[in-house]
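Here is the structure we will look at, set down as structure tokens.
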Amino acid sequence: MNDYAKHLKHKMMMARILGIFACLIAIAGIVLKYIGILSDWLCIISISYAMGTIFTFNSSLQDIRVGNPWQRINAICSLLMYAFVIFLIVYGFITGQLQTNF
């Protein structure tokens with residue numbers, strides 16, 4: 001059982017560290033928006049993607065600590081955030097507010 005406890009502790013620590021890293025990416029997106037480097041679209045896309053990542057890691061963490069219902073809720077929220085990112089990218093290109101420089 002000691003090896004399994006180590007595995008769970010390692011899984012929890014990795015989920016927390018990667019969740020904090022995703023939060024830092026979202027904060028960096030906001031800071032870059034206010035500095036003027038990112039556009040409104042890229043700021044919203046980066047924050048939504050970071051939130052999807054955070055929900056994914058939280059789903060992994062909930063699996064260890066709480067159980068199945070919260071794990072499913074976090075997994076559904078992460079899928080919704082990823083779908084929202086795809087929607088924003090497609091909508092931005094269709095309306096012409098996101099452009100490529102190729």
With a 3.5 Å cut-off and sequence neighbours excluded, list the donor-acceptor pairs that the side chains of residues 89-97 form with protein atoms.
from  : atom 1 : to    : atom 2 : distance (Å)
Thr95 : OG1    : Tyr91 : O      : 2.9
Thr95 : OG1    : Gly92 : O      : 3.4
Gln97 : OE1    : Trp41 : NE1    : 2.5

Next item on the list: Identify the heavy atoms of Gly19 and Phe57 that sit nearest to each other, and give their distance.
Entry: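 Smallest interatomic distance, heavy atoms only, reads N-CD1, 3.8 Å.
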
Note to self: For a quick test of reading the model, state the closest non-hydrogen atom pair linking Ala50 to Ala22 and the distance between them.
What the structure shows: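 Between these two residues, the closest heavy atoms are CB-O, 3.5 Å.
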
Tell me, do [X] and [Y] make a side-chain contact under 4.5 Å, heavy atoms counted?
X: Leu32; Y: Cys43; result: no
X: Leu98; Y: Ile45; result: yes
X: His10; Y: His7; result: no

Next item on the list: Can you sort out the partners of Tyr49 under ring-ring contact (aromatic ring centres under 6.0 Å, His included), two or more places apart, ordered by chain and number?
Entry: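 Expected list: Tyr82.
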
Next item on the list: May I ask you to decide if Val85's main-chain N or O and Ser48's side chain share a donor-acceptor pair within less than 3.5 Å?
Entry: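 Judged by distance alone, no pair lies under 3.5 Å.
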
Next item on the list: Output yes when a side-chain donor or acceptor of Asn58 lies under 3.5 Å from a complementary backbone atom of Ile54, and no otherwise.
Entry: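 Between the backbone of Ile54 and the side chain of Asn58 there is no qualifying donor-acceptor contact (under 3.5 Å).
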
Checklist line | Inter-residue atom distance Lys11.NZ - Tyr4.OH, 0.5 Å rounding | finding: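 It comes to 7.5 Å.
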
Next item on the list: Indicate, with yes or no, if Ile37 and Val31 share a hydrophobic cluster defined by side-chain heavy-atom contacts under 4.5 Å among Ile, Leu, Val, Met, Phe, Trp and Tyr.
Entry: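 Same hydrophobic cluster.
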
Check: In terms of hydrophobic clusters joined by side-chain contacts under 4.5 Å, are Leu38 and Ile27 together?
Finding: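 Yes, same cluster.
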
Next item on the list: Determine, step by step, whether Lys9 and Lys6 satisfy the side-chain contact (heavy atoms from CB on, under 4.5 Å) criterion, reporting the C-alpha distance in whole Å, the side-chain angles of both residues, the deciding distance to 0.1 Å, and the verdict.
Entry: CA-CA 5 Å; Lys9 186 173 181 178; Lys6 279 186 190 178; 5.7 Å; no

Next item on the list: Name all pairs fulfilling the side chain to side chain donor-acceptor pair (under 3.5 Å) condition that reach into residues 19-29, sequence neighbours left out, sorted by first residue then second.
Entry: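 Residue pairs passing side chain to side chain donor-acceptor pair (under 3.5 Å), neighbours aside: none found.
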
Margin query: Other members of the hydrophobic cluster containing Ile76, with the 4.5 Å side-chain heavy-atom rule, please.
Written below: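 Via sub-4.5 Å side-chain contacts, Ile76 links to Leu80.
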
Note to self: Which residues end up grouped with Met51 if you chain together Ile, Leu, Val, Met, Phe, Trp and Tyr wherever their side-chain heavy atoms are less than 4.5 Å apart?
What the structure shows: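 Reading the cluster by chain and number, Met51 sits alongside Ile30, Tyr34, Ile47, Phe55, Met81.
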
Item checked: Pairs where residues 73-93 contributes a residue and the test salt bridge (charged side-chain N to carboxylate O under 4.0 Å, His left out) is met, not counting sequence neighbours ->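 Those involving residues 73-93 do not exist here.
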
